[in-house]
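What follows is a set of notes on a single structure, which appears directly below.
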4 protein chains.
Amino acid sequence: MPMILTVEPDSDVPIYQQLRDRVVEAIAAGQLAAGDPLPSTRALAADLGINFHTVNKAYDLLRQEGLVRLTRKSGAVVARDPRSGPPQPGFADGWQARAHSLLAEAIAHGIAPDDLVARCRSAIEKGEQR
Amino acid sequence: MPMILTVEPDSDVPIYQQLRDRVVEAIAAGQLAAGDPLPSTRALAADLGINFHTVNKAYDLLRQEGLVRLTRKSGAVVARDPRSGPPQPGFADGWQARAHSLLAEAIAHGIAPDDLVARCRSAIEKGEQR
Amino acid sequence: MPMILTVEPDSDVPIYQQLRDRVVEAIAAGQLAAGDPLPSTRALAADLGINFHTVNKAYDLLRQEGLVRLTRKSGAVVARDPRSGPPQPGFADGWQARAHSLLAEAIAHGIAPDDLVARCRSAIEKGEQR
Amino acid sequence: MPMILTVEPDSDVPIYQQLRDRVVEAIAAGQLAAGDPLPSTRALAADLGINFHTVNKAYDLLRQEGLVRLTRKSGAVVARDPRSGPPQPGFADGWQARAHSLLAEAIAHGIAPDDLVARCRSAIEKGEQR
DNA sequence: GTGGTCTAGACCACG
DNA sequence: GTGGTCTAGACCACA
């Protein structure tokens with residue numbers, strides 16, 4: 001059984017952000033579904049060799065996004081997945097602004113538009129499979 | 001002649017990053033082509049009311065990405081645009097990893113795959129127009 | 001006979017607090033009057049699928065507020081309702097401090113004062129009906 | 001010149017929450033307006049004799065609410081006040097749910113509905129004055 | 001100078 | 001057992 005959540009301590013992206021990203025990707029890929037439990041903050045921190053506050057911050061980010069629910073007794077639980085319906089109002093707009101910037105970067109670097117759409121498609125299908 | 005490069009000093013994204021993003025988007029949109037000069041660091045800093053080192057950092061970022069060439073005599077010059085051919089080796093991989101994470105976020109939040117492809121297309125076409 | 005007391009186990013507000021809130025609201029709405037018995041701690045805990053100590057804590061909170069009387073033989077009994085006369089000395093002051101903070105939040109966020117009064121009125125009338 | 005922001009270390013309400021409440025109340029009362037600077041996290045922490053992380057959390061709460069803006073250079077700045085227009089969508093609903101519970105408590109304790117409306121009015125007018 | 005991140009360890013609230 | 005709060009001190013990123 002592989003460990004889903006791993007982090008790169010030497011990356012320039014904050015550890016708590018990496019953790020949050022891994023959870024988001026796991027939800028998108030169907031590896032985590034609504035209701036699934038996440039490791040407890042302290043247990044995960046011990047596993048990854050990081051401080052429990054760092055895990056805490058990642059989980060809190062996910063809670064703010066509405067993706068996980070933090071409860072006193074059962075710990076962190078996945079709160080939504082791709083089947084949970086449309087996103088919160090306003091999410092799509094903010095997302096598209098970020099997507100625009102990322103796509104512009106690819107175009108500026110010479111990735112052909114057709115290639116770009118293909119790459120998006122493949123990434124989406126990879127996330128969609130389960 | 002409209003000012004292409006503007007920044008929001010109160011945004012949560014660093015100013016040097018905003019500057020870099022604006023240049024990338026201008027190149028992707030065809031507003032800047034290979035060989036075009038960029039404003040001098042000091043002039044741009046004065047125009048935007050920001051620190052000269054901040055502009056410097058943005059230009060250096062663009063140089064590291066291979067989008068801008070910095071010379072002592074001609075200042076900063078756009079080094080490549082969408083027509084300059086395929087991207088540097090390794091760029092596509094790194095880019096796709098970031099795209100994967102961004103797309104995963106949209107999927108996890110419940111944006112339908114079809115809607116997602118449509119949003120990518122529209123963003124690409126908007127960036128492509130010139 | 002409908003169940004008055006229900007709780008959301010996954011909410012961010014503690015279960016014992018939810019329980020206390022439901023009882024307070026039921027008293028305010030006239031669904032519970034002075035002298036009415038409350039379910040026994042063990043029975044209610046079993047009904048709601050929660051720990052018996054949690055119910056105990058909620059009842060104890062209500063006792064401290066003077067809304068409920070706990071006796072060894074008759075269990076928990078509602079001790080007062082809107083018709084029981086003016087509140088205990090000191091209650092009004094503490095309450096108004098909390099109300100002030102809550103109203104301030106609405107004002108700071110831009111809810112118009114007139115709208116605010118209207119919202120208070122409607123909430124009061126809704127609680128008052130019986 | 002009086003200190004606006006004070007906290008009670010021995011209260012049962014978290015320090016960061018008290019701080020957040022004081023700022024909200026100051027904005028509602030017109031003591032703080034959009035654009036006004038807040039003390040730096042470390043300076044305020046030193047003044048209050050608390051840890052700078054605690055101040056940080058309070059400021060971050062306010063940022064999430066859209067009431068303050070945190071910038072690298074100018075520190076924390078008030079981002080909106082009662083004149084900044086209507087609240088974010090969804091705010092009013094969540095607020096009214098909390099108000100309902102608070103008002104129910106007052107009714108249950110025997111505060112007369114008329115008195116209740118009067119208290120709300122006076123609190124609102126006190127916040128409104130500037 | 002500012003805020004942001006990470007670590008470390010303590011104690012409390014909840015169930 | 002769980003998460004939440006607070007403290008303390010280090011280092012980094014930004015302007």
Side-chain angles (χ1 to χ4, degrees), chain A residues 7 9-19 37-45 48-61 63 68-77, chain B residues 7 9-19 45 48-58, chain C residues 7 9-19 45 48-58, chain D residues 7 9-19 37-45 48-61 63 68-77:
Chain A
V7 291
D10 294 337
S11 165
D12 56 338
V13 37
I15 295 177
Y16 76 90
Q17 182 76 36
Q18 294 181 47
L19 259 180
L38 260 48
S40 81
T41 49
R42 284 164 173 88
L44 183 55
L48 298 176
I50 60 179
N51 192 278
F52 95 90
H53 284 118
T54 307
V55 179
N56 226 328
K57 186 158 186 176
Y59 281 9
D60 194 58
L61 257 187
R63 183 190 58 74
V68 313
R69 202 165 37 219
L70 300 178
T71 133
R72 297 148 199 73
K73 63 183 297 193
S74 352
V77 178
Chain B
V7 291
D10 289 340
S11 164
D12 53 340
V13 36
I15 294 177
Y16 78 93
Q17 181 78 34
Q18 294 183 47
L19 226 38
L48 299 176
I50 60 180
N51 194 295
F52 132 86
H53 290 110
T54 306
V55 179
N56 236 327
K57 186 160 186 175
Chain C
V7 291
D10 289 340
S11 164
D12 53 340
V13 36
I15 293 177
Y16 77 93
Q17 181 77 34
Q18 294 182 47
L19 227 37
L48 298 176
I50 61 179
N51 194 296
F52 133 85
H53 290 109
T54 306
V55 179
N56 236 328
K57 187 161 186 174
Chain D
V7 291
D10 293 337
S11 164
D12 56 336
V13 37
I15 296 177
Y16 75 91
Q17 182 76 35
Q18 293 182 47
L19 259 179
L38 260 49
S40 80
T41 49
R42 283 165 174 86
L44 183 54
L48 298 176
I50 60 178
N51 192 277
F52 95 91
H53 285 119
T54 306
V55 180
N56 225 328
K57 186 159 185 175
Y59 280 9
D60 194 58
L61 258 187
R63 184 190 58 74
V68 314
R69 204 165 34 220
L70 300 177
T71 133
R72 296 147 199 73
K73 65 184 296 193
S74 351
V77 179

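Residue numbers begin at 1 in each chain, while the letters A, B, ... track the order of the sequences.
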Distance in angstrom units between [X] [atom1] and [N] [atom2], rounded:
X     : N      : atom1 : atom2 : result
D:R69 : E:dG3  : CZ    : C1'   : 15 Å
A:L70 : F:dG3  : CG    : C1'   : 8 Å
A:L61 : E:dC6  : CG    : P     : 11 Å
D:I15 : E:dA13 : CD1   : P     : 14 Å
C:N51 : E:dA13 : CG    : C1'   : 14 Å
A:D10 : F:dC11 : CG    : P     : 17 Å
A:L44 : E:dC6  : CG    : P     : 14 Å
A:Q17 : E:dG4  : CD    : P     : 14 Å

Does the side chain of [X] get closer than 4.0 angstrom to OP1 or OP2 of [N] through an N or O atom?
X     : N      : value
A:K57 : E:dC6  : no
D:T54 : F:dC6  : no
B:Y16 : F:dC14 : yes
A:N56 : F:dG4  : yes
A:K73 : F:dG1  : no

Nearest to the side chain of D:S40 - E:dG3, F:dG9, E:dC14?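 It is E:dG3.
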Heavy atoms under 4.0 Å, any strand shown: does [X] hit a base, just sugar-phosphate, or nothing?
X     : answer
C:I50 : nothing
A:S74 : nothing
D:H53 : base

Salt-bridge test for D:D60 and D:K57: reply yes if a basic N is under 4.0 Å from a carboxylate O, no otherwise.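 Looking at D:D60 and D:K57, the cut-off is not met.
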Looking only at N and O atoms, is any donor in the side chain of D:R42 or the base of E:dG4 less than 3.5 Å from an acceptor on the other one?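 Yes.
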If you assign B:V13 and D:F52 each to the DNA chain F nucleotide with the nearest heavy atom, which residue ends up on the more 5' nucleotide?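 Its nearest nucleotide being more 5', the pick is D:F52.
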Let's test your reading of the pairing rules: Watson-Crick or G-U wobble, both distances under 3.5 Å, then write DNA chain E as a dot-bracket string with ( ), [ ], | and dots. ||||||||||||||.
Would a distance-only check, ignoring hydrogens and angles, find a side-chain to backbone donor-acceptor pair under 3.5 Å from A:R69 to A:G75?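 It does not hold such a pair.
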